[in-house]
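The next block holds one structure in the form of structure tokens; read it before the comments.
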Number of protein chains: 2
Amino acid sequence: MTRRKSVRRTTIDDVAKLAGVSISTVSRVVSGNAPVNEDTATRVQRAIEELNYKPSTAARALSDRRTNAFGLLVSEIAAPYYLYLLRGIEMAVREAGLGLLINSVGMSENQQEKTRPFLGEHNTDGIIVSSGSLPDEELQRLHELGLPLVLLHRTSPNGLSIPSLNVDNQAGIKAIIDHLVTVHGHQRIAFLRGPESEEDSYWRELGYREALQAHGLPIDPSLIGYGGFDEHISYTMVSEWLESGMSFDAIFTGNDEAAPGVLNALYEHGLRVPEDVAVVGFDDDHLASRLTPKLTTVRSPIEQLGKEAVAQLLSLMEGKPTPSKILPIEFIVRQSCGCSG
Amino acid sequence: MTRRKSVRRTTIDDVAKLAGVSISTVSRVVSGNAPVNEDTATRVQRAIEELNYKPSTAARALSDRRTNAFGLLVSEIAAPYYLYLLRGIEMAVREAGLGLLINSVGMSENQQEKTRPFLGEHNTDGIIVSSGSLPDEELQRLHELGLPLVLLHRTSPNGLSIPSLNVDNQAGIKAIIDHLVTVHGHQRIAFLRGPESEEDSYWRELGYREALQAHGLPIDPSLIGYGGFDEHISYTMVSEWLESGMSFDAIFTGNDEAAPGVLNALYEHGLRVPEDVAVVGFDDDHLASRLTPKLTTVRSPIEQLGKEAVAQLLSLMEGKPTPSKILPIEFIVRQSCGCSG
DNA sequence: AGCGCTTTCGAAAGCGCTTTCATAAATTGT
DNA sequence: ACAATTTATGAAAGCGCTTTCGAAAGCGCT
């Protein structure tokens, strides 16, 4: 095994020697976990600076039984959605003086199977688990070990009571339907469903059905299709609809990522948005305001979700009760619905 | 200090006891660093599985003097550009059986100053340093410590010889100018410069000038403006140009992120793209193919850049010579240049 | 001067692993 | 059958820190 050019690192001993104290004292000065005489402390501080001493995280972790890092587990890192989530998480974690370990369980380069997650009880003090990134079984194991866990976009399995965080999917889709019906007078509103594996898909569809009913509108099953929260799948679905002669006033795309596919399909079939068909998305991701027409959508407070997740983890570490939360959404009116926004 | 509900972790001792061997043997079985009798190994393996033993990263790191993790240091995590970079890096790191620590040096929530990076020699075996995320001084310190380092989008300071990775900026912009001049016959091509702090800005401008000269075109300083690789800044710049009555056949936006701003400015001044003005970007990020019109651009192999960075780090760890690299780009013709793509 | 406190600090144990060194057992050659 | 190897394994040191425990010193009183 090749080893790094061995420039011996400065350790706590070096500092202790230079400052003329014991390592216990140095440790106390560094961590601030116990009182130290002011003069002594200053002397130690000077030694630390002179030697440019940085405590070893490994040694600290070993002694402390805590790694001072949180983990983020996602299934596919390169989703536009994660851009702001990551940002929120990173900021909060940094603010808390911790590190952030990231791990995707996506396909590995060579194999077709999912790789075992690298994160676990041994290298984090808590993990943010995004939907679909971890099987219930492993989730249970970690939870029973007492490792702080927060779920994103999914609820806790069984009776595990792991706190979870989500946006208010139902309120979001209701806002959309209300707007389309009330403001624009649309009646036939198509719905693109997300993947089964995402709970959000379920909540959004439920909200859709309830909202239609609330307006006394019929639920036409042929207006509900599979979009998979995906641009290409949605493109295909909408194309099929149009080619089979189906008609609708508006389409809810499932999420913003799917919107470009929907817009393209409509455009290629000679339909104008919003004149002929209104289009509304969900999330207000990076794309939404940059599409043509600008996408009317529901803003998920993604960055805040990330911060909140970190807060939950910290709360769990302190042993506090940490209830699940549903974050409020905001309806963003732009042009794709027919408003002049 | 509150401590996690203390479910004592299973350690190497537990495994050793159950398998009836010494911890040395268990260690050897786990790491495979020394031969172990086959029967013994099986027995140990069984014990490991039965106890669900996972070695402590901290203890390992302490003993090994290596953390088994790489770090990624960026200045602002929520840039669309990082989406695929992160993906490439994460995949490669995972494939190498390592962890990935992410750290942004962006503004912290409360303070206006940049936060001290969390990453360093003590918690990583190597760091990927994105442009602008670390002052030369700290870079030097880490490099002299012998920590493997790879620079992204910037070259090594002074005589430090830290390997760096970049895309072929000059070739990219030359391909653009060639296309605009040769295929579309444009002569007055405006150029939006990136931030001073980014080397890419420099290379792209240099390439622009050289390419114009190669075509025997004059360099009109008024056609060069500051876009800052930013949507809003670019919007403002282009608006000013148009309001001051400047005219041009085409605009190079600096990078794709700036493109929406440019398109909006043109659109709001009644100019059609590509009929009145051709627009070309750089990077082929997530947005490029989804704008209207679809953006002609240069594809930076961002994901590959990430993978390559990890490969460089691994190479450095093995003490191999690890030269810098410039990755080739690909010119992507879409519609914003006037092609029918 | 002697007593009980409080404050400050050092010695040493322990965190869970890897690895060196030594020993014991098995194998080979003569 | 015996020395010379080779192979398999354990004991123990060490990685750099935190923290417990106890001693020493300083303090205010009687």
Side-chain angles (χ1 to χ4, degrees), chain A residues 1-4 6-45 47-48 51-68 120-123 125 145, chain B residues 1-4 6-45 47-48 51-68 120-123 125 145:
Chain A
M1 184 160 299
T2 337
R3 185 144 298 177
R4 180 180 317 160
S6 165
V7 188
R8 211 178 68 70
R9 296 191 36 186
T10 51
T11 74
I12 199 171
D13 294 277
D14 303 325
V15 177
K17 207 160 298 167
L18 180 58
V21 298
S22 78
I23 62 167
S24 326
T25 301
V26 177
S27 172
R28 288 192 265 255
V29 170
V30 171
S31 69
N33 282 336
V36 171
N37 178 285
E38 201 170 328
D39 293 347
T40 321
T42 318
R43 207 144 30 87
V44 172
Q45 275 298 356
I48 288 176
L51 298 177
N52 200 349
Y53 166 72
K54 305 259 195 322
S56 144
T57 7
R60 221 184 203 150
L62 185 57
S63 182
D64 265 4
R65 284 71 141 352
R66 37 188 280 153
T67 64
N68 283 304
E121 70 278 19
H122 50 303
N123 52 7
D125 293 341
L145 231 48
Chain B
M1 183 160 301
T2 340
R3 186 145 298 176
R4 181 181 316 161
S6 162
V7 188
R8 212 179 67 71
R9 296 192 36 187
T10 51
T11 74
I12 199 171
D13 294 276
D14 303 324
V15 177
K17 205 160 298 165
L18 180 58
V21 298
S22 78
I23 62 167
S24 325
T25 301
V26 177
S27 173
R28 289 193 264 255
V29 169
V30 171
S31 69
N33 282 336
V36 172
N37 177 286
E38 200 169 330
D39 293 346
T40 321
T42 318
R43 208 143 31 86
V44 171
Q45 275 299 356
I48 287 177
L51 297 176
N52 200 349
Y53 166 72
K54 305 258 195 321
S56 145
T57 5
R60 219 181 205 155
L62 185 56
S63 182
D64 265 3
R65 284 72 143 348
R66 39 188 279 155
T67 65
N68 283 304
E121 71 278 20
H122 49 305
N123 51 8
D125 294 339
L145 229 49

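Since the structure is predicted, the reported quantities are computational estimates derived from the model, not experimental observations.
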Under the rule for side chain to side chain contact (heavy atoms under 4.5 Å, CB included), what residues qualify as partners of [X], not counting sequence neighbours?
X	value
A/I48	A/V15, A/V30, A/V44, A/Q45, A/Y53
A/S22	A/S24, A/T25
A/A58	A/S56, B/A61, B/L62

message: Pairs counted only when both distances fall under 3.5 Å, Watson-Crick or G-U: show me the 5' to 3' dot-bracket for DNA chain D, [ ] for pseudoknotted crossings and | for other-strand partners.
response: ||||||||||||||||||||||||||||||
Closest approach of [X] to [Y] (non-hydrogen atoms, all atoms of both residues):
X	Y	result
B/P55	B/R60	CG-NH1, 3.3 Å
A/I23	A/I12	O-CD1, 3.6 Å
A/R28	A/A34	CD-CB, 3.3 Å

List, with names and distances, any nitrogen or oxygen atoms from the protein found under 3.5 Å away from nitrogen or oxygen atoms belonging to nucleotides 23-27 of chain D.
none

For nucleotides 20-24 of chain C, tabulate all protein N/O to nucleotide N/O atom pairs closer than 3.5 Å, reporting atom names and distance.
none

In whole angstrom, give the distance that lies between atom [atom1] of [X] and atom [atom2] of [N].
X	N	atom1	atom2	result
B/K17	D/dG10	NZ	C1'	15 Å
B/N123	D/dG16	CG	P	16 Å
A/N68	D/dC17	CG	C1'	12 Å
A/N33	D/dC17	CG	C1'	12 Å
A/R66	C/dG16	CZ	C1'	18 Å
B/E38	D/dT7	CD	C1'	14 Å
A/H122	C/dC17	NE2	C1'	13 Å
B/D13	D/dA11	CG	P	12 Å

Distance below 4.0 Å between [X] side-chain N/O and [N] OP1 or OP2:
X	N	value
B/S27	C/dT18	yes
A/T40	C/dC9	yes
B/S63	C/dT19	no
B/R60	C/dT18	yes

message: Classify A/V30 by what it touches in the nucleic acid, base, sugar-phosphate, or nothing, heavy-atom distance under 4.0 Å.
response: nothing
Residue list, side chain to side chain donor-acceptor pair (under 3.5 Å) with [X], at least two apart or on another chain:
X	answer
A/N52	A/K54
B/S27	none
A/T42	none
A/T67	A/D125

message: With heavy-atom distances below 4.5 Å as the criterion, would you say the side chains of A/R9 and B/R65 are in contact?
response: no
message: Quick check on DNA chain D: between B/I23 and B/A59, whose nearest nucleotide comes earlier from the 5' end?
response: B/I23
message: On DNA chain D, does the nearest nucleotide to A/I12 precede the nearest nucleotide to B/N37 from the 5' side, or the other way round? Give the residue.
response: B/N37
Taking the side chain of [X] as its heavy atoms from C-beta onward, which of [options] lies nearest to it?
X	options	answer
A/S22	C/dC9, D/dT18, C/dG10	C/dG10
A/D64	D/dG16, C/dT19, D/dT18	D/dT18
B/T25	D/dG10, C/dC17, D/dC17	D/dG10

query: Judged by atom type as modelled, is there a donor-acceptor pair below 3.5 Å linking the side chain of A/N37 to the main-chain atoms of A/D39?
result: yes
field: Spacing of NZ belonging to B/K17 relative to CG belonging to B/D14, to within rounding of 0.5 Å
entry: 6.5 Å
